[in-house]
Every structure is written in structure tokens, then in C-alpha cells.
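To keep things clear, I will list the structure first and then write my remarks on it.
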Amino acid sequence: MIITLKDGSKKEYAEAKSVIDIAFDISEGLARAACAGEINGEVVDLRTMVDRDCEVNILTAKDEKGLAALRHTASHVLAEAVQRLYPEAKVAIGPSIDSGFYYDFECPPFSREDLDAIEKEMKKIIKKGEKIQKFTKSREEAIAFFKEKNEPYKVELIEDLPEGEEISFYSQGEWVDLCAGPHLMSTKGIKAFKLLSASGAYWRGSEKNQMLTRVYGTAYGSKDELKAHLEQMEEAKKRDHNKLGREMKLFTTVDVIGQGLPLIMPNGVIMMQELQRWIEDEEAKRGYIRTKTPLMAKSDLYKISGHWDHYKDGMFVLGDEEKDKEVYALRPMTCPFQYYVYKAEQHSYRDLPLRYGETSTLFRNEDSGEMHGLTRVRQFTISEGHLIVRPDQMVKEFKDCIALAQYCLKTLGVEEDVTYHLSKWDPENKEKYIGDPEVWDETENHIRTMLQELNIPFVEDVGEAAFYGPKVDINAKNVYGKEDTMITIQWDALLAEQFDMYYIDENGEKKRPYIIHRTSMGCYERTLAWLIEKYAGMFPTWLCPEQVRVIPISEKFNDYAEKVEAQLRENNIRCSVDQRSEKMGYKIREARLARVPYMLVVGAKEEEEGKVSVRSRYLGDEGMKDLSEFISAIKEEIRTKEIRKIEVSEESK
């Protein structure tokens, strides 16, 4: 057989060889670093036998898929260590994830001290260096094996598999786990790892199931890489919007109000109002007309749209269909409401496109385990819009929606932080969607072609489409690497039929329009969280809750400070005066901690000359300036939404 390697070179063998044997034949160093393999692009275990002509690639911890195998092995070592220290603990699942790995256990919660002890035990297992071996059992044998070990979660997982299935296992010494792999050849291959935290997690993500203890960890191919990651994690903690947003008094949460229902505090409201005014004004420039629709509707509306059948579990339903004459639900989206705005009058082909925009408050019954600060909530506000267009207008209008999204991202300074996704239907699960396969294929091809024409790099995600159409999702990662969708633009060629929407064409005949569902900036709460983490709270001046702080040198200059404040306010600049009887150094430090972009220090000379001494987060001490000069400059900065670079260190300020 002939094996083609990654560099294009070829190896010829007279008999079958395992992937690890091929690695040794290439280089002993490569074999020692090997974590997994690829055969014709498919990730495989190092123990996999190769018996035919194919392409083989050896994956190390430098490769994303190789690193995943290393981390998966670390999760098994974690589980063995836990069961050594806590023999009564039951094991559930333990996958690798983008940032590391986790394992779920049925056991009491772990403290930081417990995690340190588990780490110590893991190091013992790694040092012993047991060989990791793969073997299989029949489904029936596998169930019996785990029943004997009293591992109910493993039994449940196997029972969900088809009868006659062959089940793979991995052992490291005496410890055995159900697993599809791949894994390292030995536990000694884990060179650098760290247990990060423990939290609660429902079995299989459902709050109806048992609450388990989830232990998170990470692993890398070297100690230097691990150290760099941990330093990055420390920086992430400082930027975490959950922590920083509360410190800056942007939002808070209260148990008696409910999970996923944040209270936006005055500072946060200022920022959200700035964003909303900007978005609404920008949409008006682009031909959008605004609607205002109810926060709830009868179930009849959602039955017409299909949400009742496809999305009911994600809705807050008010009433019981078996008992109540009318059942209502809080709206999870605005589209069916805006369709009836359209249907309120007859439209000709000349009226289209119609671009409806609404700043919509929506409600979605997210699982409690999914809640996170402002990024995953049960009530949120969104820059929602629906465009009713003729089929011949669809491509141009869709491209214009992408252009609007890109303008928003650029203005906020986050355009480099996103990835584009073509979210497609899943032909293997047709029951999740409405419409014929031909319609789905056609619309997906349209979006694919548009993204290519716009030179936008994108990935394709099967099964991520809405039930009525494919979409472009613009995603971003938070400081911990978790990806969320920030902006969505959906192609809908189906719902107009269900709502009997039409326009009169040039021949006087009724025709179905197409619909674009889109957000321009997305969810205000999620965007606020994103900006907190992006800028570590040091927002562009136009968004800052407090843009200027006036600091009098002593009480004698409070009157002048107030006059400066009054002129700033007359020019719509958000400001305050620090009149406390504190030392100047303390007041300046306080303003820095509050992340105020500009401080205006005033004393005798400033009052005499009608000037202010300017200190900024950008240049530090900028010297004395005429107040009118400063006002003119900051107004222009706010008007243009300029994102200024910080050119001096905190120490030099």
C-alpha cells in the first residue's frame, strides 16, 4: 500500500501498519509528540490500522485536533483521580472543548482545595505512565459491565445506542471508561495541565435531570503554552463583563427577580440609549420605517408562523390550552407582528422593498444552565428588522443588510473580532424545518454566492438554520473563548405563504414577497457585554456614561468648576464635578478607576484665564487649553464616534 504524507511525500508498505507505527517510521521525535492521526481528513486514534492506499497526517498538540485528543486524555485522568479520592463518585461525560476539557460527576461540590488535591492525584497517575489501551464490547456486554460497576450514567448512554452496536472502551491501568477516542498512547503524554474551576451542570443539559458537579480544566503540549494561557485567563477575569459590569454599575442581578433578568443600572442605560439612538437614526437614513408591536400574542399567531410547533419550549406561555379559552405567549421574536403591519393595507410592486425596523423587547425561556450575565438572558432588547421585498430585490437587499451590519461592527471597533457563518438546514432532520429541499438548496446557494462575491471568509454550519430559512450568523467570542451570535441575517422564502402575504405585480396579479429577517447590531444586552470585555470598560468617549470629570484643586474653585460643568452640559457632554475634600492624587486615581476618558483640573490660573488643564486616558497630561477649544474637540470626537488609541501607560499619567 502507498501512504501519502502531509508534505506530499510517499511511503510504501507491504503490510498493514498502525498510525503510530507510521509516525515512528517518519521520525521518532514525531511519534513521541503524536496525539492522533488523520486518514483522508478523518481524525483517528493512533492505534488505528492502515491497510489501504490513503493520505495520512500525524497530529501533535500543535494541531487543534491533536490538542483535543490530548485534552480528552486529560479528562480521563481527571476522572480516574476523582474516583481514587472519592470512590462513591459516579462518572458521566468528559469531552475536550475549545478551551480545555471537563468531566461531570455525581458527587458533592468541589472546593478549590479539593481541586488542588485532585490535581496532585492526577500528577501521580501521569507520572506512573500507564499505557492507554483500546478494546471493544458488544452493547449487551457493555451495559452489564457498567451495571456491575454501578455507573448509571454510562448505562444510560449505552442504552441510547442501537442494538448490535459495538462499543469502544479505553483503559489506563485498571481504570476503564466508555469512549470513542482518540487518546494518547500513554498518560505520560500529558505534559502541562491545570484544573480551573468546578460548577453545577444538569445531566444532559436538562434542568429536569440530576444536578452534577462539573470540573473544568485545560491542557497544553508544553508548560510555556499553559503558562501563557493561564496569564490570558487572568486578564480575561479582569475583563469579564459579569465582574466589570457590576463594578462599573452598569447592571446587576437579583435572585428574587429571577435568573436571566438583569437590572440595567443608570450607567448601563446611558450606554444602551446611545446605541439605540445611533442605530435608529442610521436605519432611518437607510430607508427603514419603524413599528411598535405588542409584547405578547395569542397562541393562534404562533401557530400560523410555525413557532408553536417548532419553538414552543423556548417560549413563556401564559395559560393552559386544555383549560383556558385563550392562551397567550410572550413574544420570542417580532416577525409575525410586523407581517400584520404589512397586511394592514394592500401593496403594489412599486411599494417594495418595505423595510420595517423595531427596537424589540423579546422573551426566551432559556435553560437555567445557559444563563450568563448579559450574554444569555430571558428578556432582552434587539435591533430587529424585517424587509418585505420582491424576489428580484432579494440579493441586493440582503447585501445591504450585511453592509449595515459591517458598518455597525466597524463603528464599534469590533469588525476584526467576528467570524461569518452560513447556517444551513440539516437534511437528515427534515422534520425540524418547513419547506421543500429544493427551496433550501436554492436559498443556501444564493447566500453562499453573495458571501463569496463580497470576499467575506465564512464557514458553513449544518443544522443551525432557523426552521423557515438559512441565515448568515456573525459570531464573536467572549474573553473565555465561548462563541455567541451577535448579528443574524436570515433569508425567508416560506413564511409569506403561511401568512398569505402578497403584493400586486405590474400585471395586476398577486405575488408572494420574500422576507429578510435581520438585526443591525443585534441584542443590546449582549452587545453591552461584548463592549465591556473588548474595551475593559474604557469605552470610546461617545459611549461613556461619564465623559468628563471636573476636578477643582480646592474648595475655593468649586464655583468655577460648576461653571465649567454647566458649559459642558449645555453642549450635551456628560460630566460631573468632584467637590470632595480629598487630595488631588486621590481624585485623579478615582477618575481613572471609573474609566472617565477626560479630567479637567481647575485652579487659580485656569479660572483667571478661562481655561482648563486637560488630563486624558489617551495622552496623559495634555496641558492647559481654552475651554471652548476642549469642548469643540470632544464634541467632534463624540460626533464621529472616534475610537482613540491609548498612547501612554497608566504609570506615566
Side-chain angles (χ1 to χ4, degrees), residues 1-80 93-98 100-101 103 122 125-137 142 166-193 217-222 225-226:
M1 63 181 179
I2 298 174
I3 303 300
T4 304
L5 302 177
K6 185 180 181 180
D7 63 1
S9 63
K10 299 182 186 298
K11 293 273 187 180
E12 189 170 346
Y13 301 104
E15 57 187 20
K17 282 195 173 283
S18 67
V19 174
I20 191 65
D21 286 339
I22 294 171
F24 270 109
D25 193 38
I26 298 168
S27 152
E28 188 173 334
L30 177 63
R32 284 199 302 269
C35 297
E38 269 185 324
I39 297 177
N40 293 334
E42 181 183 353
V43 179
V44 297
D45 193 89
L46 292 168
R47 301 155 190 80
T48 303
M49 297 302 295
V50 182
D51 59 4
R52 65 193 186 282
D53 293 356
C54 60
E55 295 179 359
V56 173
N57 182 24
I58 308 301
L59 300 171
T60 71
K62 298 290 185 186
D63 303 296
E64 184 180 333
K65 295 171 183 175
L67 183 58
L70 183 152
R71 290 170 167 173
H72 197 179
T73 304
S75 79
H76 279 215
V77 173
L78 163 62
E80 181 182 357
I93 58 171
S96 67
I97 54 178
D98 286 348
F101 61 89
Y103 213 111
M122 288 176 71
I125 295 168
I126 292 167
K127 187 176 181 181
K128 191 174 180 182
E130 293 280 11
K131 284 186 178 180
I132 298 173
Q133 297 180 324
K134 181 180 181 180
F135 61 94
T136 60
K137 290 179 179 288
E166 191 174 56
I167 312 297
S168 66
F169 290 75
Y170 282 84
S171 65
Q172 49 204 44
E174 295 181 0
W175 193 83
V176 178
D177 200 1
L178 166 74
C179 190
H183 282 284
L184 306 184
M185 299 301 292
S186 151
T187 59
K188 262 193 176 168
I190 303 169
K191 305 296 185 186
F193 76 94
T218 194
Y220 282 88
S222 71
E225 288 173 307
L226 176 63

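The first residue in the sequence is number 1, and the count goes up from there. What you see below is based on every heavy atom in this structure, not just the backbone, and it leaves out hydrogens, waters and symmetry mates.
In this structure, OG on Ser186 lies 12.0 Å from NZ on Lys128, to the nearest 0.5 angstrom. Once rounded to the nearest 0.5 Å, the distance linking CD1 of Ile125 with CD of Glu130 reads 9.5 Å. To the nearest 0.5 Å, the span separating OG1 on Thr60 from NZ on Lys62 amounts to 7.5 Å. Ile3 contributes atom CD1, which lies 7.0 Å from atom CG of Asp53 (distance to the nearest 0.5 angstrom). Once rounded to the nearest 0.5 Å, the distance linking CD of Glu28 with CG of Leu30 reads 11.0 Å. Atoms CZ and OH, from Phe135 and Tyr170 in turn, are 11.0 Å apart once rounded to the nearest 0.5 Å.
In terms of modelled atom types and a separation under 3.5 Å, the side chain of Asp7 and the main chain of Ser9 share a donor-acceptor contact. With hydrogens and angles ignored, the 3.5 Å screen pairs a side-chain donor or acceptor of Asn40 with a backbone N or O of Glu55. When atom types are taken as modelled, the side chain of Ser75 and the backbone of Gly94 share a donor-acceptor pair closer than 3.5 angstrom. Checking side-chain atoms of Arg71 against main-chain N and O of Asp98 turns up a donor-acceptor pair under 3.5 Å. Within the 3.5 Å criterion, the main-chain N or O of Ala69 finds a donor-acceptor partner in the side chain of Thr73. Checked by atom type and distance alone, the side chain of Glu225 pairs as donor or acceptor with a backbone atom of Ser222 at under 3.5 Å.
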- prompt: Should Glu38 and Leu59 be marked as a side chain to side chain contact (heavy atoms under 4.5 Å, CB included) after you check the CA-CA gap, both sets of side-chain angles, and the distance that decides it?
  reply: CA-CA 7 Å; Glu38 269 185 324; Leu59 300 171; 3.8 Å; yes

- request: Quick one: do Val19 and Val44 satisfy side chain to side chain contact (heavy atoms under 4.5 Å, CB included)? Show the steps, please.
  value: CA-CA 9 Å; Val19 174; Val44 297; 4.0 Å; yes

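Annotation: side chain of Arg52 is in contact with side chain of Ile39 (closest heavy-atom distance under 4.5 Å). At a threshold of 4.5 Å between non-hydrogen side-chain atoms, the residues Lys188 and Lys131 do not count as touching. For the pair Cys54 and Met1, the minimum side-chain heavy-atom distance is 4.5 Å or more. Residues Asn57 and Leu5 fail the side-chain proximity criterion, which asks for heavy atoms closer than 4.5 Å. Side-chain contact between Tyr220 and Lys191: absent, with no pair of heavy atoms (C-beta onward) separated by less than 4.5 Å. Contact of the Leu78 side chain with the Phe101 side chain is registered, since non-hydrogen atoms from C-beta on lie closer than 4.5 Å. Residues His76 and Cys179 form a side-chain contact, since some pair of their non-hydrogen atoms from C-beta on lies under 4.5 Å apart. For the pair Lys134 and Phe169, the minimum side-chain heavy-atom distance is 4.5 Å or more.
Using modelled atom types, one finds a donor on one side chain and an acceptor on the other under 3.5 Å when comparing Thr4 with Lys10. Counting only N and O atoms by type, the side chains of Tyr13 and Asp51 include no donor and acceptor under 3.5 Å apart. Thr48 and Asp45 form no side-chain donor-acceptor contact under 3.5 Å, judged by distance and modelled atom types alone.
Looking at every heavy atom in both residues, Ala142 comes nearest to Lys137 through N-CB, 4.1 Å. Closest heavy-atom contact between Lys11 and Ile26: CE-CG1, 4.3 Å. Leu178 and Ser168 get closest at one heavy-atom pair: CD1-O, 3.8 Å. A pairwise comparison of heavy atoms in Ala61 and Cys35 identifies N-SG, 3.5 Å as the closest pair. Here the shortest heavy-atom pairing between Leu70 and Ala219 reads CD2-CB, 3.5 Å. Contact detail for Ile132 and Arg47: the closest heavy-atom pair is O-NH2, 2.8 Å.
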